[in-house]
Amino acid sequence: MTDMARATPNPRTRRRDALVKVLLAGSAFVVIAVAVSIVGMIAQAGLRGFAHAGFFASLFGLRWSPEDTPPSFGFLPYLANTLLSATGAVLMGAVPAMLAAVYLAEMAHARVRRSFRSVMEVAAALPSVVYGYIALTYLVPRFANPHLGCQGLGLASASLVLAAMIAPTIALLSLDVLERTPRELRDASSALGVSRWHTTWHAVFPAARRGLVVAGFFGFARAVGETMAVQMVAGNGRYAALAGLRPAGARVMDNVCAHLGPLELFRPTSTISTRIVMDMPETQPGTPWNNVLFSMSLVLLCVSTLVVLITRRISRTAPT
Amino acid sequence: MRRARRALETAGEFALAGVAAALGLGLLALLVLVVWQGIAQVGTVQRAVALLTALPRELEPGGGIGPQIFNTVFLATLSTVATVPVGVAAAAWLARFARQGPFVHAVRTALDALATLPSIVYGLFGFLLFVVTLKLGYTVLGGALVLACLNLPLVVGIAEESIRATPRELEDASLALGASPVQTLFRVTLPHAMPGILSAVVLAIGRVFAESAPLVYTAGLTTDPRTPFSLSPMRSGETLAVHLWYLNSNGVVPDRKLIAAGSAAVLVLLAVIVNLVGRRIARVR
């Protein structure tokens, strides 16, 4: 900012300017300090957990029984549940949200689009616990099947809540992406005499595709990190929803409420974040169990960072 | 042939319209359902007033969410007071004074990192820092500072954007009149960027209303019934969103259905109000 740094004659003003600039730069430094201390403190406690429980034994272990002697801290089933529920949320929430955005940006009346935006803005700002509450009150009872001993809690409910939660954000992001595509693209396409439908899918959509993928990844990252809403409907069991991830000798469940191939949909289960929230009050700070909870949050942090790095890579190579 | 394609395309547009309608009307229906159920279950005006002002009870019916509403506003105030000066100052520096270099790169990386951290990680950080290391216990201050960190990337991002949107000519005019760069920042640039900064503040407050995961192990799940409306930041204080979670996962009060319905309705109305206020500010611009 060379033009802003022109010398001012009054030495007192100049001194004050210098002081204020130092304060402003200091605030920027606070941002760095905050980020470093968050990542640093989580990593420190998390690495201590890995040092105690063993990196592979915990990250790829199938058995979670921290109160046994010797304890087992395998949390792969929870990691799998986190990724599965987020994937389900993207399929059930992000895809419809993007299709809706395509319709509203390309084919709907501007007034309809504005109303849709308003609803999505409020829905996106809603506390996640409200989504959890709605699901727990109106959705979960419908999934329950008392004859089979099913309460309706489980991976499917968690995934549905996440889908509803991320859909408004993704719809808004997708609308932004579609509205940013150049007007000329549509004009050129319709000048060739093709229909609106054809223009949408062959001119606008290819230009917006990367942006939409970025929006989808963003939704995935949010679903991976969500805690409280999932905790309310996942059931908090220690059961791997995916059949292959149950430890040898685990109690075999004979009554299956509903399943999708090897996936059990309505068995009380946990994700990484819900397990952390549930176990944190059970443990004393500094104990192995407590430290492993921080290892789990470190893994969570790495997963979401990875997703964001992938997103960045995609959006950086975007042609538009 | 062409007619068949035409029919298919119309059908496709209808299908997309159906998806859009299902999503839009579905979410709208959820919002209305929650508010309507809240009103219906609370029933009378007396009960509503009691719910909004009374202290919560653990075992017998008739309790309220007064302290939770107070804590929510209190925590939002503290958090905003912490986040806005730092955020706007950092944004002003990035937009007007910083020279490209490793330090700016580090600040941008830090902002990106903060924006991507799952909210539970913020909560665990707050727990480690305020509860374990500083041994302060669960405090409103701890919760507020954690949310201030959570809101930093949001505030810096929007503030920087609106500071950059200030026309260069205005600033040059100020500098030409002999004002120093810092005087120009405070007298010209920031007033011009004010609507943007205010909308960032509104969004940040909305997030304080909505967050729960970062607060459970920082601001805690309790409010001292002897001093429920205390202005001390060094006490534990449960916000309304956290209370709604607590009612549903651990609550044992017999009328918790009613209280949960009422709390959820209040939270939805808060989100609507925040949205309307933010829109109003955006229109001023």
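Here the structure is a predicted model, which means the values were calculated and not measured. Order of the sequence lines fixes the chain letters, A, B, ..., with proteins taken first and strands second; residue numbering starts at 1 for each chain.
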Practice problem: Could you label the plane-to-plane angle of the B:Tyr217 and B:Phe127 rings as parallel, tilted or perpendicular, counting under 30° as parallel and over 60° as perpendicular? | Solution: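 Rings of B:Tyr217 and B:Phe127: perpendicular, over 60°.
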So for [X], is it side chain, backbone, both, or neither that comes closer than 4.5 Å to the heavy atoms of chain B?
X	answer
A:Met41	both
A:Thr227	side chain
A:Val130	both
A:Ile38	both
A:Val30	side chain
A:Tyr138	side chain
A:Met107	side chain
A:Ala221	neither
A:Pro96	both
A:Ala229	neither

Quiz item: Taking B:Ala113, B:Gly206, B:Ser263, B:Ala261 one by one, which has the highest count of heavy-atom pairs under 4.5 Å against chain A?
Solution: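 Maximum pair count with chain A is reached by B:Ala261.
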Quiz item: Looking at B:Thr116, B:Leu244, B:Leu28, which one has more heavy-atom pairs under 4.5 Å with chain A than the rest?
Solution: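 Counting heavy-atom pairs under 4.5 Å, the top option is B:Leu244.
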